[in-house]
Amino acid sequence: MDSQLGLIEQSFNSRYTFWAREALDDLPDNFTITDPSISGHPIVFASRGFMKMSGYSREEIIGKNGRFFQGPGTNRRTVMEIREAIREERTVEVNLLNYRKDGTPFWMLFRLSPVFCKQDGRVTHFLAVQVPIVSKKHRRNSGFNFSEEGSDSGFREIVFGSCRREVCSDSLLDLDRLLALDSDSQGLENEEPCEASELEKRKAANAINNVLSVLTQYSASTGKLVCEKRCSIAGVGFINSSLRISLGRIKQSFVL
Ligand SMILES: Cc1cc2nc3c(=O)[nH]c(=O)nc-3n(C[C@H](O)[C@H](O)[C@H](O)COP(=O)(O)O)c2cc1C
């Protein structure tokens with residue numbers, strides 16, 4: 001187990017400078033970063049927002065596979081879609097039911113993106129952003145002027161406008177209250193799948209861009225630059241993630 005934790009530490013520290021964790025912690029979004037080359041494809045970084053949303057501490061999250069947050073109501077077909085996207089090393093966006101530490105289910109917009117090594121074009125990590133979905137019922141009952149088509153003027157200005165941090169955190173507190181209402185509702189698993197609004201989709205895309213720009217910036221000084229698009233496939237040595245997941249398992253069995 002210690003050797004696994006060592007690999008996880010190394011996975012992050014070898015590619016990003018010391019300050020990367022701090023810069024990622026400053027971002028308000030819920031996100032996780034995984035390493036497909038380590039056995040079990042574990043989470044190597046979890047944001048503060050993700051810990052708050054899931055109710056787990058960082059120690060409880062690091063080293064786990066993302067499926068840890070699934071439960072009986074999670075749609076298997078959606079999970080297969082995620083698995084396929086990982087195998088094909090591409091972006092995917094799905095509505096997904098997950099469970100908090102206290103067992104309450106919640107819907108989220110899950111957006112996944114590979115992170116490539118600029119030098120050889122391999123996938124070094126995967127990045128996933130998890131945006132909680134406010135159900136239509138609570139959008140209607142809330143004070144917010146949410147709308148599917150993007151005329152959600154008040155909230156959008158707060159989130160995307162030139163907002164100051166304290167204004168943002170006030171609005172996020174309100175959003176937390178709405179989400180708490182959502183999780184209070186019984187039988188969430190049996191409800192129709194929650195559809196993400198345009199606002200939530202934009203929020204996920206923005207979050208991915210923000211995290212990727214931090215990763216790019218903080219990988220520059222280690223000399224192991226990452227990028228969001230496969231830049232080059234140097235030589236013929238390109239091995240895709242699913243093969244590397246298997247190789248990771250073999251490597252791990254020698255270490256243990
Ligand atoms: C970066 C990353 C983060 C993930 N986060 C979650 C998550 O928060 N919740 C979830 O249900 N699945 C998450 N997953 C998906 C699972 O880890 C897994 O890939 C999925 O369940 C399909 O594989 P399986 O069929 O082997 O379970 C994440 C995957 C990656 C690559």
Side-chain angles (χ1 to χ4, degrees), residues 4 7-8 11-12 15-16 20 24 27 29-58 60-117 122-133 179 183 188-189 193-194 196 200 203-205 207-212 214-215 226 228 240-246 248-249:
Q4 175 87 345
L7 288 174
I8 288 170
S11 160
F12 199 87
R15 198 154 285 270
Y16 307 108
L24 291 174
L27 297 174
D29 312 287
N30 312 328
F31 61 90
T32 47
I33 299 172
T34 61
D35 186 336
S37 72
I38 302 179
S39 169
H41 193 176
I43 295 171
V44 297
F45 183 89
S47 75
R48 282 187 210 276
F50 185 85
M51 291 188 279
K52 190 161 179 253
M53 178 187 70
S54 65
Y56 290 96
S57 67
R58 198 164 265 164
E60 289 172 308
I61 296 170
I62 300 301
K64 301 277 189 322
N65 182 284
R67 79 174 73 82
F68 178 72
F69 306 97
Q70 298 166 9
T74 308
N75 186 311
R76 294 311 302 164
R77 196 170 296 168
T78 311
V79 170
M80 290 289 284
E81 269 184 66
I82 301 172
R83 194 195 299 180
E84 273 306 291
I86 292 172
R87 200 177 61 78
E88 294 168 10
E89 303 185 329
R90 60 172 169 78
T91 296
V92 70
E93 187 174 272
V94 290
N95 303 321
L96 190 64
L97 188 78
N98 266 190
Y99 292 78
R100 297 190 181 87
K101 186 176 179 180
D102 65 8
T104 52
F106 65 100
W107 280 97
M108 60 153 165
L109 177 64
F110 175 86
R111 189 179 170 102
L112 175 88
S113 222
V115 181
F116 297 99
C117 168
R122 288 184 193 181
V123 172
T124 62
H125 293 111
F126 281 93
L127 160 66
V129 162
Q130 296 90 352
V131 177
I133 298 176
L179 293 168
S183 61
L188 202 54
E189 294 102 323
C194 253
E200 286 151 351
K203 203 173 170 218
I208 288 274
N209 287 340
N210 292 342
V211 180
L212 280 172
V214 168
L215 294 181
V226 298
E228 65 185 290
N240 84 9
S241 285
S242 50
L243 187 51
R244 283 197 299 124
I245 289 170
S246 309
R249 282 198 194 111

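As the structure is a prediction and not an experimental result, all values here were calculated from the model. Both ligands and their constituent atoms are indexed starting at 1 by order of listing.
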### Query
To which protein heavy atom is atom 19 (O) of ligand 1 closest, and what is the distance rounded to 0.1 Å?
Ile86 CD1, 3.2 Å
#### Entry: atom 18 (C) of ligand 1 [closest protein heavy-atom partner, distance rounded to 0.1 Å]
Asn65 OD1, 3.8 Å
#### Entry: Residue pair Val44 / His125: nearest heavy atoms and the distance that separates them
CG2-CD2, 4.2 Å
#### Entry: Val79 contact mode with ligand 1 (heavy-atom cut-off under 4.0 Å)
both
### Task
Have a look at ligand 1 and work out which part of Thr74, if any, has a heavy atom under 4.0 Å from it: side chain, backbone, both or neither.
neither
### Query
For atom 8 (O) of ligand 1, which protein heavy atom lies nearest, and how many Å away is it?
Gln130 NE2, 3.1 Å
### Gln4 side chain to Ser39 backbone, donor-acceptor under 3.5 Å
yes
### Task
Report yes if some N/O of Arg83 lies less than 3.5 Å from some N/O of ligand 1; otherwise report no.
yes
### Message
Give me the residue, atom name and distance of the protein heavy atom closest to atom 6 (C) of ligand 1.
### Response
Phe110 CE1, 3.4 Å
### Query
Does His41 reach ligand 1, in the sense of a heavy atom lying below 4.0 Å from it?
yes
### Query
Does ligand 1 have any atom sitting under 4.0 Å from a heavy atom of Met108?
yes
### Query
Can you name the residues that form a salt bridge (Lys or Arg N to Asp or Glu O under 4.0 Å) with Arg58, not counting sequence neighbours?
Asp25
### Message
Test your reading of the structure: does Gly66 have an N or O sitting under 3.5 Å from an N or O of ligand 1?
### Response
yes
### Task
Kindly indicate, with the supporting measurements, whether the criterion salt bridge (Lys or Arg N to Asp or Glu O under 4.0 Å) is fulfilled by Glu200 and Lys203.
CA-CA 5 Å; Glu200 286 151 351; Lys203 203 173 170 218; over 6 Å; no
### Query
What pair of heavy atoms forms the shortest contact from Tyr99 to Leu97, and how long is it?
OH-CD2, 3.6 Å
### Query
Between Leu96 and ligand 1, which part of the residue brings a heavy atom under 4.0 Å of the ligand: side chain, backbone, both or neither?
side chain
### Query
Do Phe69 and Phe50 have their ring centres less than 6.0 Å from each other?
yes
### Sidechain-backbone polar pair: Thr124 side chain, Val115 backbone, donor-acceptor under 3.5 Å
yes
### Message
Taking a cutoff of less than 4.0 Å between a non-hydrogen atom of the residue and any ligand atom, is Phe68 in contact with ligand 1?
### Response
no
### Message
Geometry only, no angles: is Gln70 polar-contacting ligand 1 at N/O separations under 3.5 Å?
### Response
yes
### Message
Could you identify the single nearest non-hydrogen protein atom to atom 30 (C) of ligand 1 and state the distance to 0.1 Å?
### Response
Leu112 CD1, 3.6 Å
#### Entry: Candidate with minimal heavy-atom separation from atom 26 (O) of ligand 1, of Met53, Arg87, Arg67, Arg76
Arg67
### All salt bridge (Lys or Arg N to Asp or Glu O under 4.0 Å) counterparts of Glu81, not counting sequence neighbours
none
### Message
When you measure from the side chain of Thr78 to the backbone of Leu96, do you find a donor-acceptor pair of N or O atoms at a distance under 3.5 Å?
### Response
no
